[in-house]
Amino acid sequence: MRRFIVRRLALAVLTLAGMSVVIFVLLRLAPGNIVDLLFQSAGYVDPAEKQRITHELLLDRPVAVQYVQWVRQLAGGDLGTSYRYGLPAWQIIRPRIPVTVELGVLALAVAIGLGLPSGVVSAARQHTALDYGLRIVSLAGLSMPAFWLGMLIILVLVRVFGWIPPMLYVAPQADLRGHLLQFLFPALAAGYRSAALINRMTRSSMLEVLREDYVRTGWAKGLPGRAVVYRHALRNALLPIVTVLGTEFAFLIGGLIVTETVFNLPGVARYLVEAILWRDYPVVQNLVMFIAIVVVLSNLAVDILYARLDPRIRYT
Amino acid sequence: MAGRMLRWGLGALVASALAAPSAWGAAAAPRHGGVLNAMHREDPPSLSIHEESTISTNWPMMSCYNNLVLFNPLRGQESAATIIGELATAWRWQDGGRSLAFTLRRGVRWHDGQPFTSKDVKYTFDLVREAPGIGARLRLNPRKQWYAQVQAIDAPDPYTVVFRLKRPQPSFLLLLASGYSPIYPAHIPPAELRTRCVGTGPFKLKEYRPGELIEMVRNPDYFVKDRPYLDGIRFIIIKERGTRIAALQAGRLDVIMPQEGTKTAAEQLKKAVPSMVIFQTSQNINDNILVNFKRPPFTDARVRRAMSLAIDRRGYIQAVRQGGAVPGASMLPRPWGVWGLPASELATLPGTGDPARQRAEARQLLSEAGFGPGHPLRVVVSTRAIALYVDMATYVIDQLKQIGVDATLEQVESAQWFAKLTRGDYELGANLTGIGVDDPDANFYENYVCGSPRNYSQYCNPEVDRMIDAQSQMPDPVQRTRLVAEIQKRLEIDGARPILAWDIDYYAMWPYVHNLVPHQSVYSYARFQEVWIDR
């Protein structure tokens, strides 16, 4: 197992190195840079001043030199300075990470809490009204974009209750109830789609397992239904679900942009869009690397979980 | 002094209902205390007002600074008659309008405790006009042109400043009264003011959390006794427009941000919260068409005129702006603006008459220029890849097609837009232009004179330039108004930058907010010194 983890970690480093090149190049392929945008917001262009600022920000150096400098800084734990705010990138990114991670975890909790039991029920009660109802709800979740659902929640709240969650971040230590209330609706909005996916995956996986011989044997020897479904069937149906969970968590972390924007949460995802729009290279590069690390690590976690769930799997 | 101001300014011309203080603002006795939650749509590009040209900077940062003079925050229409002193207690024109002397307020301190003197005033405007030997430099300097007539600034003693001009310029005082003309501290490098604020204003910067909040707190040492009324202001940054309006409706915000109130949003708010107060005012921003004068066939006056005739302005206002705009020429129309053409004169300009007849005339002109069904004129309409701009360009394309022009749309990334315009790398452009001050000098020198960096059409008419110079020096407001009207008509007839409409701002606030009076220009009323709340 240890050898497997070390090998996967080494592969992860290679993957991240490749990602760093892709991020760096793609960012520079986008038209314009921070200097263009500064002038755009000031509403004029002065070529001489533009050249001077480009030089000040070291953007006139060859791309390869800029890349090497970034990697060197990154290796030394220095995330650089935000072009936009003139502050260390880490100072801007750091307070946003817990917000996004918390929202991602809560959204995943919502997804598991809703998706897993409803998927099991749907499979166990196949072709009943309950099954059809749950399938309709899950289809709606897969079809509905998170931003639309988020906006719908906001509009319903303001129209029916004349209330919406706080627009400024409420720290848990300052007001736990307010904090949870602030995260409840965005977690529902972001988690609904994943819940629908997990429901579909659980249902199909369970249906497959429920037709296995050992399940039929369980029924035949008179085991209680709950024991058959949850102890024997669900455990064996979990493998593909765990795979989905891993990718969904990574997707949630990177895909919370619209949810954070609609609910005005000061997270990483929302800030990433802002940084991209301003071509704030140090911030974008480091944030995307952060998301890439989350994806790589969650995939690794899923692989490790496989062995726990399925004793037939051996790591070499 | 009042008599001189009237002579040099335009006070007599601007009496209107807009110039009166708001009814509720004057009704009750002001109360101290409370924190105002104000809407903000985005992070400002920086906190330095002199380096930016966006309301996103002025709106939160104006409350940190003071000007020498300012347009009265309680009067809706800015003009020479509404200018009041801030850091200046008195001012007088000298040498036949070639010098403007200010007497400064004593005992004023910067937020860091340093005393304010004439040195700071001289430094600020030497910095902005890039006077030789100043040393410091602004990273971006979008309003350098405003101070082109300043020959020198003298500070003979700590409480006197004299601006010496190359020639008389009555509008100079109005430029100084804009929210874009704060006084900066001479002892703080300008680069630092991009991320923090050291002013003399009624509020100090408490905290800036990028993407989240700009928080101001009452300046207890403010030089105006008993002001400000508020304990603080929170500018809450909300990126999503739907959420912003919902937050206002739910009471998470007390006031909207200038430029953010659309007609549709205002109607929704009023329906949901009947007590919500909504001002209908202008933004001093116009929607216009840039015609590249250096690119054939737009070198031909007949083609330019045909383009302008083809676009039905009233149809544009209904179709694109849902009625939330008004027609006008190059200066802000009345009743909000001081210099706008009267309706009778506007009706004679291209694009304002009967659409069918104007299109027929446009086709005739194109035919004379050699274009017709067998040889259609093909043009590319460029615009920024932003919904508002694309809507405008799409309408223009539709109108041009109705006179047989084969027009196509080119969407340009925002980052490239002004660079593209500056290079003259376009044929037709659908554009928005914001004017800092409702004043002919601020507008004409920036957008229409030969060689101006922001004259993106590259329109150049020496005769019009002479008229612009002449109006700029005119002491008599009546004569000047007449000449400004002539210039406006000339610009529209020449197709210098055909104006499609002037946008209306639907400024919304809860009824417990008092003394926040929107002006006809969005850039100059965010001092918040007089604002109070009785929630």
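Fair warning: this is a prediction, and the values are worked out from it, not measured in the lab. Side chains are part of it too, since the values below use all heavy atoms of this structure and drop only hydrogens, waters and symmetry mates. Letters A, B, ... are given to chains in the order of the sequence lines, protein chains preceding strands, and every chain is numbered from 1.
Proximity to chain A (any heavy atom under 4.5 Å) is restricted, for R234(B), to the side chain, taken from C-beta onward. For P31(A), the parts lying under 4.5 angstrom from a heavy atom of chain B are both the backbone and the side chain. Neither the backbone nor the side chain of N37(B) comes within contact range of chain A; no heavy atom of the residue lies under 4.5 Å from a heavy atom of that chain. Proximity to chain A is limited to the backbone of E51(B), based on heavy atoms less than 4.5 angstrom apart. Only the side chain of R384(B) has a heavy atom closer than 4.5 Å to any heavy atom of chain A. Both the backbone and the side chain of Y169(A) come within contact range of chain B, each with at least one heavy atom under 4.5 Å from a heavy atom of that chain. For chain A, no part of L248(B) is nearby; none of its heavy atoms comes within less than 4.5 Å. Residue A246(B) touches chain A through both its backbone and its side chain, counting heavy-atom pairs closer than 4.5 Å. For a residue to count as touching a neighbouring chain, one of its non-hydrogen atoms must lie under 4.5 Å from one of that chain's; by this rule P165(A) touches chain B with the backbone only. Contacts of R241(B) with chain A are absent, with no heavy-atom separation under 4.5 Å from either backbone or side chain.
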TODO: Take M151(A) and T243(B) through the test side chain to side chain contact (heavy atoms under 4.5 Å, CB included) and record every step on the way to the result.
DONE: CA-CA 8 Å; M151(A) 212 58 246; T243(B) 310; 4.0 Å; yes

TODO: Kindly determine whether Q416(B) and Q40(A) satisfy side chain to side chain contact (heavy atoms under 4.5 Å, CB included), including the steps that lead there.
DONE: CA-CA 8 Å; Q416(B) 303 294 324; Q40(A) 181 265 317; over 6 Å; no

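Atom CD1 of residue I154(A) and atom CD1 of residue I245(B) lie 12.5 Å apart, to the nearest 0.5 angstrom. One finds the CD1 atom of I238(B) at 5.5 Å from the CE atom of M167(A) (value rounded to the nearest 0.5 Å). Here the CD atom belonging to E212(B) is positioned 7.0 Å from the CZ atom belonging to R96(A), to the nearest 0.5 angstrom. Interatomic distance, CG of L140(B) versus CG of L38(A), reported as 5.5 Å (0.5 Å rounding). Interatomic distance, E215(B) CD to L168(A) CG, rounded to the nearest 0.5 Å: 8.5 Å.
Counting heavy-atom neighbours within 6.0 Å of R159(A) CZ, excluding the residue itself, gives a total of 12 or less. Residue-environment remark: CH2 (W148(A)) stays at or below the threshold of 12 foreign heavy atoms within 6.0 Å. Surrounding CZ of R94(A) are at most 12 heavy atoms belonging to other residues, nucleotides or ligands under 6.0 Å away. For E56(A), the CD atom is densely surrounded, since the number of other residues' heavy atoms within 6.0 Å is greater than 12.
In this structure, the side chain of R84(A) engages the main chain of D43(B) through a donor-acceptor pair within 3.5 Å. Between the side chain of Y44(A) and the backbone N or O of F418(B) there is no donor-acceptor pair closer than 3.5 Å. Using modelled atom types, one side-chain atom of N264(A) and one backbone atom of I237(B) make a donor-acceptor pair closer than 3.5 Å. Of the possible polar contacts, none joining the R194(B) side chain to the Y85(A) backbone as a donor-acceptor pair under 3.5 Å is found.
Of all the listed residues (G242(B), P210(B), S56(B)), the one sharing the greatest number of non-hydrogen pairs under 4.5 Å with chain A is P210(B). Top candidate by heavy-atom pairs under 4.5 Å with chain A, chosen from R209(B), E42(B), R137(B), is R137(B).
Inter-residue side-chain proximity for F263(A) and E240(B) is flagged as unmet; no heavy-atom pair is nearer than 4.5 Å.
Salt bridge absent: R139(B) and E49(A) never bring a charged side-chain N and a carboxylate O closer than 4.0 Å. Ion pair E413(B)/R279(A) flagged as a salt bridge, since at least one NZ, NE, NH1 or NH2 atom sits closer than 4.0 Å to an Asp/Glu carboxylate oxygen.
Scanning all heavy atoms of the two residues, the minimum distance from A247(B) to I164(A) falls at CA-CD1, 3.4 Å.
With S41(A) as reference, P45(B) is the one residue of P45(B), S414(B), S46(B), S53(B) to meet the side-chain contact (heavy atoms from CB on, under 4.5 Å) rule.
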